[in-house]
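All remarks here apply to the structure that follows.
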Amino acid sequence: MDSTPQKEDPPCNRFSEFMQVLAVLKWILTFLFLGPICVLIIIWISCSPLWPLLALYMVWLVSDRKTPERGGRKSVWMSKWTIWKHFRDYFPVRLHKTAELDPQQNYILGYHPHGIMSIGAFCNFGTDSTEFSQLFPGLKTYLTTLAGNFKVPFYRDYLLAAGMCSVTHSSIDYLLSHHGTGNAVVIVVGGSAEALHCNRQSHILTLKNRKGFVKKALIHGSSLVPVYSFGENEVLHQCHFAVGSWKKSLQQMFQHWVGFAPCIFYGQGFFSSTSKGILPFRKPINTVVGKPIPLPRVQKPSEEQIQKYHALYVGSLLELFNTHKERFGLQKSDSLILL
């Protein structure tokens, strides 16, 4: 049962709509262009009289290179920016609690689906706009992302301030063993491979062979918590390419060598929901946090143990999806497809 207090959406006027558009536009542009812009800034500074400042930054960067794998550097102030509330209300994004999470335990939250940009993951677990800290007092979230995102100077510092950490093995080990209890490590399990399957008419998850997070939970005796965001796949539409086409091959090659695949997507325009643009569609995203699955601590888990608890996790995720799908606009016949 959903124990989240139901709140009415705030009345929307032209000014609040304008602020919501600005908030979402800022996030989209940051997602797409901040990394390349930081690279251009570095090149410019290195060729200018300001290069000594860049040299000092690089020296400091060497000493700070392990921070993404050592719990990050989340800015609580940044997570409470008013802009994130406008971002939340644009869709809107809502967080739903189905069970208590004991702050004396550690958790790995498996987030599904990836969607194009994992908007629900960032809004719910990278900011406090949906009041995670009030729904789950005593828990601290760590939203994980590809290690490659922390290779770009300046850009990495923005990601760290936004509360993100690397999703590497050493990072997960550190988060679950060096900060006591009350840690909730959020992993978008399907990753970039799942993003390529993002489709508003089907619910496809890359999960069958994703078992590393289960192994980590067993090693540290942490509970697994399935999380599903209804509507994540509907806010942006993807252009799908035929298997075997050069465009599809290019996506797959890019994913193999870089770690993620570029998705060609579109949303709505600035002035009309019927025109195409880069703004997401105003579709609600309802993120449901499921019940925790307790796991024993096993220093060297066997393949049989990993498979056993992976099956339990999949079963719990399917139950979560089927229990709430009709409430959030899906049909009774809709089902999850696991790849």
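Side-chain N or O atoms of Thr323 include none that pairs as donor or acceptor with a backbone N or O of Leu320 at under 3.5 Å. For Trp84 (side chain) and Met78 (main-chain N/O), a donor-acceptor pair under 3.5 Å exists by modelled atom type. The main-chain N or O of Val189 is found under 3.5 Å from a side-chain atom of Arg210 such that the two form a donor-acceptor pair.
For the atom pair Lys283 NZ and Glu232 CD, the distance stands at 14.5 Å (nearest 0.5 Å). Once rounded to the nearest 0.5 Å, the distance linking OH of Tyr155 with OG1 of Thr30 reads 8.0 Å. Atom-to-atom distance recorded for Arg156:CZ and Arg65:CZ is 10.5 Å, nearest 0.5 angstrom. One distance of note links SG of Cys198 with NE2 of His114; it measures 9.5 Å at 0.5 Å rounding.
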- Item | Check against side chain to side chain contact (heavy atoms under 4.5 Å, CB included), Tyr107 and Asp102 | CA-CA 9 Å; Tyr107 303 90; Asp102 184 1; 3.5 Å; yes
- List the steps and the verdict of side chain to side chain donor-acceptor pair (under 3.5 Å) for Asp173 and His220. CA-CA 8 Å; Asp173 288 334; His220 297 283; 2.8 Å; yes
- side chain to side chain donor-acceptor pair (under 3.5 Å) assessment of Asp128 paired with Ser133: CA-CA 7 Å; Asp128 199 39; Ser133 61; 2.8 Å; yes
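Checked against the 6.0 Å centroid threshold, His112 and Phe321 do not count as a close aromatic pair. Between Tyr228 and Tyr111, the ring center distance fails the sub-6.0 Å criterion.
Relative to the ring axis of Phe241, Lys248 does not place its NZ or CZ within 45° and under 6.0 Å from the centre. Cation-pi contact between Arg282 and Phe91: absent, since separation from the ring centre below 6.0 Å together with deviation from the ring axis within 45° is not met.
Counting non-hydrogen atoms of neighbouring residues, nucleotides and ligands closer than 6.0 angstrom, the NE2 atom of His179 exceeds 12 such neighbours.
Below 30°, between 30° and 60°, or above 60°: for Trp27 and Phe122 the angle between ring planes is between 30° and 60°, a tilted geometry. Using cut-offs of 30° and 60° on the angle between ring planes, the pair Phe132 and Phe136 is tilted.
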For a quick test of your reading: what N or O donor-acceptor pairs under 3.5 Å do the side chains of residues 328-339 make, sequence neighbours left out?
unit_1, atom_1, unit_2, atom_2, d
Asp334, OD2, Gln331, N, 2.7

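Screening Ile116, Ile28, Ile285 for a side-chain contact (heavy atoms from CB on, under 4.5 Å) involving Pro280 leaves a single residue, Ile28.
Val76 belongs to no hydrophobic cluster, as no Ile, Leu, Val, Met, Phe, Trp or Tyr side chain comes under 4.5 Å of its own.
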